[in-house]
Enquirer: 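Could you have a look at this structure, given as structure tokens, before my questions?
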Amino acid sequence: MSDPLFVRIADLPAHAGETVTIRGWVTHVRSSGKVAFAVIRDGTGVCQTVFVKNQLPPDVWERFAALTTEASVSIVGAVRAEPRSPGGVELGVADLVIVGPSPADYPIQPKEHGIDFLLDNRHLWLRSPRQRAIAIIRNEIEQAIHDFFYERGFLRVDTPILTAAIGERSGLFATEYFDEGNAYLAQTGQLYGEAAAAAFGKIYTFGPTFRAEKSKTRRHLTEFWMIEPEVAWNDSEANMLLQEELVSYLVQRVLERRRAELSELERDVTKLESVKAPFDRLNYTDAIALVQARGSTTQWGEDLGAEDEALIVRDATRPVFVFNYPKTAKAFYMKENPDDPRTVLCDDLLAPEGFGEMIGGSQREDDYDKLVARIKEEGLPMDAYGWYLDLRRYGTFPHAGFGLGLERTVAWICGLQHIREVIAFPRMMNRLRP
RNA sequence: UCCCCAGUAGCUCAGUUGGUCAGAGCAUCCGACUGUUAAUCGGAGGGUCGUAGGUUCAAGUCCUACCUGGGGAGCCA
């Protein structure tokens with residue numbers, strides 16, 4: 001004898017009047033004596049199930065009495081419209097099977113918890129409605145990124161995670177690598193992206209990156225996902241156009257398709273609705289003047305600090321570009337600004353509402369001699385950059401690209417206070433498990 | 001690495017100038033209830049107050065060190 005048709009909770013409204021089977025986990029049990037309710041979650045939605053004692057066989061009622069939070073169950077019942085139930089339908093229960101019981105000490109309750117406790121129980125915390133909404137929006141953004149680039153003829157290139165020391169100089173995770181000495185977890189795919197741009201024209205990478213920085217803030221992870229487009233023949237201006245087009249696309253896509261999840265997160269969508277290209281552009285010199293006028297003591301030539309960035313986006317509802325920073329504040333591979341050699345052709349895109357740098361981008365130095373000089377100035381090991389310099393020896397070309405931090409972008413769009421909620425299993429300097 | 005804050009029941013926290021200070025809510029367990037929405041009501045169990053020293057007649061409370069965590073700086077996405 002087989003169960004009635006197995007239906008996912010999201011599909012229940014189409015089965016009103018039928019008897020079906022649902023399978024999921026108990027999020028909540030309420031009893032009022034001889035009528036009782038269990039709310040079931042299956043990942044697609046939640047459904048209230050109703051148990052009426054004098055309409056059920058005694059053994060089913062007894063099994064109901066043993067139900068606990070997060071037990072997994074298979075329930076047979078009649079689907080009926082019920083405005084008082086979340087989802088608009090409820091299930092009048094005929095049979096209940098406890099697939100996997102759950103002891104009474106399930107740690108996560110429908111109440112406030114501290115972040116440390118929640119992260120210790122991240123594997124269970126993921127079951128909460130809020131975490132589901134975040135995961136769905138993250139997925140929507142990831143899919144939208146692929147759609148955006150695919151529609152525009154970009155080729156996705158997967159770059160190595162294990163690398164020799166190359167790239168930027170912030171903290172590296174090292175591991176032994178056969179007879180090759182140390183390998184390092186990639187902090188960027190950009191240099192490989194440049195090689196791919198010379199081969200394929202317009203490319204992007206999408207993958208994890210690793211920073212062994214001892215950063216304990218709401219905006220940092222040691223492992224995060226980054227999207228790095230690299231476009232042959234783009235200059236810095238075209239680079240910024242691409243950035244604002246992408247960011248606008250992502251925001252509008254989420255607004256279009258994930259209103260329910262934004263609502264679950266209580267996100268103020270009016271702030272997102274204004275996120276459309278073009279974004280404001282502030283060159284570095286003007287940015288210094290602005291932050292000084294707002295009380296900063298930062299001088300021309302210094303990098304903008306976190307406080308400065310906050311001052312810049314103080315009244316903004318859209319992301320803001322700051323472009324052409326001093327050479328001394330930026331990486332060796334950025335192209336010297338021909339109109340002001342003290343600066344380089346680069347930009348940071350600052351998210352509004354205090355979410356920090358969402359994008360860092362630049363036109364790349366394509367002059368062989370200047371690039372060699374910069375590598376020497378920075379004291380970097382020349383021999384590690386042989387292949388990178390080859391890109392300038394054999395048919396050098398103007399090109400530009402950027403890195404979009406996925407978690408910062410998702411956190412901003414979701415309006416979350418902390419980046420760690422945005423990734424299923426966050427890695428931070430003192431958190432390697434679960 | 002530096003600065004600030006916190007650590008009391010399974011969870012979230014209260015605990016006044018050192019002296020009934022071992023407390024509450026939630027959760028759990030037992031009981032009541034035929035439409036609950038974080039149900040409600042009654043009852044019960046549950047703590048080496050982060051660790052180690054010190055001051056004191058007396059320390060959850062004051063001092064020192066350490067540990068753990070949080071937030072921030074730097075660095076970055």
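Just so we're on the same page: letters track the sequence lines, and every chain starts at 1.
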Enquirer: Quick test of your reading of the model: are A:K330 and A:D348 salt-bridged, counting only N-O distances below 4.0 Å?
Expert: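 Salt bridge: yes.
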Enquirer: Go through B:C76, B:G35, B:U36 for me and flag the one nearest to the A:V35 side chain.
Expert: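 For the A:V35 side chain, the nearest candidate turns out to be B:G35.
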Enquirer: Looking only at side-chain atoms of A:Q48, point me to the closest of B:G35, B:U1, B:G69.
Expert: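 Closest nucleotide among those given: B:G35.
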Enquirer: What distance, rounded to whole Å, do you find between the two C1' atoms, one in B:G10 and one in B:G72?
Expert: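 Rounded to whole Å, the distance is 31 Å.
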Enquirer: Which nucleotide in the set B:A73, B:G35, B:A77 lies at the smallest distance from any side-chain heavy atom of A:R80?
Expert: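 So the side chain of A:R80 is nearest to B:G35.
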Enquirer: How long is the span from the CZ atom in A:F425 to the CD1 atom in A:I423, to the nearest 0.5 Å?
Expert: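 The CD1 atom of A:I423 is 10.0 Å from CZ of A:F425, to the nearest 0.5 Å.
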Enquirer: Could you measure between the two P atoms, the one in B:U17 and the one in B:C75, and give it in whole Å?
Expert: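 My reading of the P atoms in B:U17 and B:C75 gives 42 Å.
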Enquirer: Answer with base, sugar-phosphate or nothing: what part of the nucleic acid does A:G356 contact at a heavy-atom distance below 4.0 Å?
Expert: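 Touches nothing.
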Enquirer: When we call it a touch if two heavy atoms are under 4.0 Å apart, what does A:I359 touch: a base, just sugar-phosphate, or nothing?
Expert: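 The residue A:I359 makes sugar-phosphate contact but no base contact.
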Enquirer: Quick one: does A:E90 reach the base of B:G35 with a side-chain donor-acceptor pair under 3.5 Å?
Expert: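 Checked by distance alone, the answer is yes.
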Enquirer: Under a 3.5 Å limit for both distances, which nucleotide forms a Watson-Crick or G-U wobble pair with B:A77, could you say?
Expert: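 B:A77 is paired with nothing.
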Enquirer: For the side chain of A:K216, counting heavy atoms from C-beta on, which of B:A38, B:G70, B:G35 is nearest?
Expert: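 Between B:A38, B:G70, B:G35, the one nearest the side chain of A:K216 would be B:G70.
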Enquirer: Any ion pair linking A:E357 and A:R408 (charged N to carboxylate O, less than 4.0 Å)?
Expert: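 Not counted as a salt bridge, because no side-chain N and carboxylate O are separated by less than 4.0 Å.
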Enquirer: Could you tell me the separation between the CD1 atom of A:I108 and the P atom of B:C26, rounded to a whole number of Å?
Expert: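 Rounding to the nearest Å, CD1 of A:I108 and P of B:C26 are 20 Å apart.
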Enquirer: It should be established whether A:R211 places a side-chain nitrogen or oxygen under 4.0 Å from OP1 or OP2 of nucleotide B:G74.
Expert: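 So the side chain of A:R211 is outside the cut-off, no N or O lying under 4.0 Å from OP1 or OP2 of B:G74.
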Enquirer: Any base atoms under 4.0 Å from A:H220, or only sugar-phosphate, or nothing? Heavy atoms, all strands.
Expert: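 Since a base atom lies under 4.0 Å of A:H220, the category is base.
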Enquirer: Any strand counts, and the cut-off is 3.5 Å on both contacts for Watson-Crick or G-U wobble. Which nucleotide pairs with B:C57?
Expert: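 Pair assignment: B:C57 / B:G19.
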Enquirer: When you compare B:U12 with B:A6, how far apart are their C1' atoms, in angstrom units rounded to a whole number?
Expert: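 One C1' to the other, the span is 14 Å.
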Enquirer: Starting from P on B:G71, measure out to CD1 on A:I115 and report it in whole angstrom.
Expert: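 Nearest whole value for this atom pair: 7 Å.
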Enquirer: Can you tell me the distance, in whole Å, between the NZ atom of A:K34 and the P atom of B:U40?
Expert: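 In whole Å, B:U40 P lies 20 Å from A:K34 NZ.
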Enquirer: With respect to the side chain of A:T217, which nucleotide from B:A38, B:G70, B:A73 is positioned closest?
Expert: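 It is B:A73.
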Enquirer: Might you confirm whether atom CD of A:E266 has over 12 heavy atoms from other residues, nucleotides or ligands at distances under 6.0 Å?
Expert: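 No, because the 6.0 Å sphere around CD of A:E266 holds 12 heavy atoms or fewer from other groups.
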Enquirer: What is the base-pairing partner of B:U64, counting Watson-Crick and G-U wobble geometry with both distances under 3.5 Å?
Expert: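 Pairing partner: B:A52.
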Enquirer: Does B:A32 pair with anything, Watson-Crick or G-U wobble, both distances under 3.5 Å, and if so, with which nucleotide?
Expert: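 Paired with B:U40.
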Enquirer: Measure all distances between protein nitrogen or oxygen atoms and nitrogen or oxygen atoms of nucleotides 27-31 of chain B, and list the pairs falling under 3.5 Å.
Expert:
unit_1 : atom_1 : unit_2 : atom_2 : d
B:A27  : O4'    : A:Q109 : OE1    : 3.3

Enquirer: Counting the atoms with a prime plus P, OP1 and OP2 as sugar-phosphate, which does A:S31 contact under 4.0 Å by heavy atoms, base, sugar-phosphate, or nothing?
Expert: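 Base: the residue A:S31, judged by heavy atoms under 4.0 Å, touches a nucleobase.
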Enquirer: Students often get this wrong, so: under 4.0 angstrom with heavy atoms, is A:K214 touching a base, only sugar-phosphate, or nothing?
Expert: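 Base, at least one base heavy atom under 4.0 Å.
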Enquirer: Strictly by Watson-Crick or wobble contacts shorter than 3.5 Å, is anything paired with B:A24, and which nucleotide is it?
Expert: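 Partner of B:A24: B:U12.
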Enquirer: Rounded to the nearest angstrom, tell me the gap between atom CG in A:D303 and atom C1' in B:C75.
Expert: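 Those two atoms, CG and C1', are 9 Å apart.
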Enquirer: CG of A:L119 versus P of B:C11: gap in Å, rounded?
Expert: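 Taking atom P of B:C11 as the reference, CG of A:L119 is at 15 Å.
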Enquirer: Using the closest heavy atom to pick a nucleotide of RNA chain B for each, name whichever of A:E357 or A:G305 lands nearer the 5' end.
Expert: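 On the 5' side of the pair lies A:G305.
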Enquirer: With a 4.0 Å cut-off on N to O distance, would you call A:E353 and A:R267 a salt bridge?
Expert: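 A salt bridge is present here (some side-chain N lies under 4.0 Å from a carboxylate O).
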Enquirer: Which base sits across from B:G69 as a Watson-Crick or G-U pair, both distances under 3.5 Å?
Expert: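 Here B:G69 is engaged in a pair, and the nucleotide opposite it is B:C5.
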Enquirer: Can the ring centroids of A:F117 and A:H113 be said to lie less than 6.0 angstrom from one another?
Expert: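 Yes, the ring of A:F117 comes within the 6.0 Å limit of the ring of A:H113, centre to centre.
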Enquirer: Calculate the interatomic distance between A:F355 atom CZ and B:C76 atom P; express it in whole Å.
Expert: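 Result: 22 Å.
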Enquirer: Regarding A:A36, tell me which of base, sugar-phosphate or nothing describes its non-hydrogen contacts under 4.0 Å with the strands shown.
Expert: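 Result for A:A36 = nothing.
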Enquirer: Counting side-chain heavy atoms from C-beta on, which of B:G74, B:C33, B:A77 comes nearest to A:I419?
Expert: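 When the side chain of A:I419 is considered, B:A77 is the closest of B:G74, B:C33, B:A77.
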Enquirer: Determine, for A:E365 against A:K327, whether the closest basic-nitrogen to carboxylate-oxygen distance falls under 4.0 angstrom.
Expert: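 Looking at A:E365 and A:K327, the cut-off is not met.
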Enquirer: B:A38 and B:A65: how far apart are their C1' atoms, nearest whole angstrom?
Expert: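 Taking atom C1' in both B:A38 and B:A65, they lie 43 Å apart.
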Enquirer: What distance, rounded to whole Å, do you find between the two C1' atoms, one in B:C41 and one in B:C62?
Expert: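 Comparing C1' positions in B:C41 and B:C62 gives a spacing of 44 Å.
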Enquirer: Which nucleotide, B:G35, B:A77, B:C11, lies nearest any side-chain atom of A:H113?
Expert: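 So the side chain of A:H113 is nearest to B:C11.
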Enquirer: Just to be sure I understand the rule, does A:G33 reach a base, reach only the sugar-phosphate, or reach nothing, if contact means heavy atoms closer than 4.0 Å?
Expert: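 Contact class for A:G33: base.
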Enquirer: Heavy atoms under 4.0 Å, any strand shown: does A:R218 hit a base, just sugar-phosphate, or nothing?
Expert: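 It contacts sugar-phosphate atoms only.
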Enquirer: Can you name the side-chain hydrogen bond (donor to acceptor under 3.5 Å, both in side chains) partners of A:R138, sequence neighbours left out?
Expert: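 A:R138: side-chain hydrogen bond (donor to acceptor under 3.5 Å, both in side chains) contacts with A:E142, A:E407.
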Enquirer: Would you give me the side-chain donor-acceptor pairs under 3.5 Å for residues 90-101 of chain A, sequence neighbours excluded?
Expert:
unit_1 : atom_1 : unit_2 : atom_2 : d
A:E90  : OE1    : A:Q48  : NE2    : 3.3
A:E90  : OE2    : A:R80  : NE     : 3.1
A:E90  : OE2    : A:R80  : NH2    : 3.1
A:D95  : OD1    : A:R63  : NH2    : 3.2

Enquirer: Assess whether one donor atom and one acceptor atom, taken from the side chain of A:R408 and the base of B:C76, lie less than 3.5 Å apart.
Expert: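 Checked by distance alone, the answer is yes.
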Enquirer: Look at A:N430 and B:G70 and indicate whether a side-chain polar atom (N or O) is within less than 4.0 Å of OP1 or OP2.
Expert: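 Yes, such a contact exists.
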Enquirer: Using atom CD of A:E307 as one end and atom P of B:C75 as the other, report the distance to the nearest whole Å.
Expert: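 Result: 13 Å.
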Enquirer: Roughly how far apart, to the nearest Å, are B:A59 and B:G19 at atom C1'?
Expert: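 That atom pair is separated by 10 Å.
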Enquirer: Using the C1' atom as the point on both nucleotides, what is the distance between B:C63 and B:U55, in whole Å?
Expert: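 Here B:U55 and B:C63 have their C1' atoms 7 Å from each other.
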Enquirer: A:F149 vs A:Y204 aromatic rings, parallel, tilted or perpendicular, using cut-offs 30° and 60°?
Expert: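 A:F149 vs A:Y204 ring planes: parallel.
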Enquirer: Which distance, rounded to the nearest 0.5 Å, do you find between the CZ of A:F64 and the CD1 of A:I75?
Expert: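 Going from CZ on A:F64 over to CD1 on A:I75, the span is 9.5 Å.
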Enquirer: Rounded to whole Å, please give me the gap between CD in A:E302 and P in B:C75.
Expert: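 Taking CD of A:E302 and P of B:C75, I get 10 Å after rounding.
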Enquirer: Please determine if A:R342 forms a cation-pi arrangement with A:W300, meaning its NZ or CZ atom is less than 6.0 Å from the six-membered ring centre and no more than 45° off the ring axis.
Expert: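 Ring-cation test returns yes.
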Enquirer: Could you tell me how far B:G70 sits from B:U28 if I compare only their P atoms? Round to whole Å.
Expert: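 Comparing P positions in B:U28 and B:G70 gives a spacing of 28 Å.
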Enquirer: Which nucleotide wins on minimum distance to the side chain of A:R30, given the candidates B:U36, B:C33, B:A77?
Expert: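 Nearest to the side chain of A:R30 among the choices is B:U36.
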Enquirer: Tell me whether A:F37 and B:G35 count as stacked here, given that the ring centres must be under 5.5 Å apart and the planes must differ by less than 30 degrees.
Expert: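 A:F37 ring does not meet the centre or angle cut-off for B:G35; no stack.
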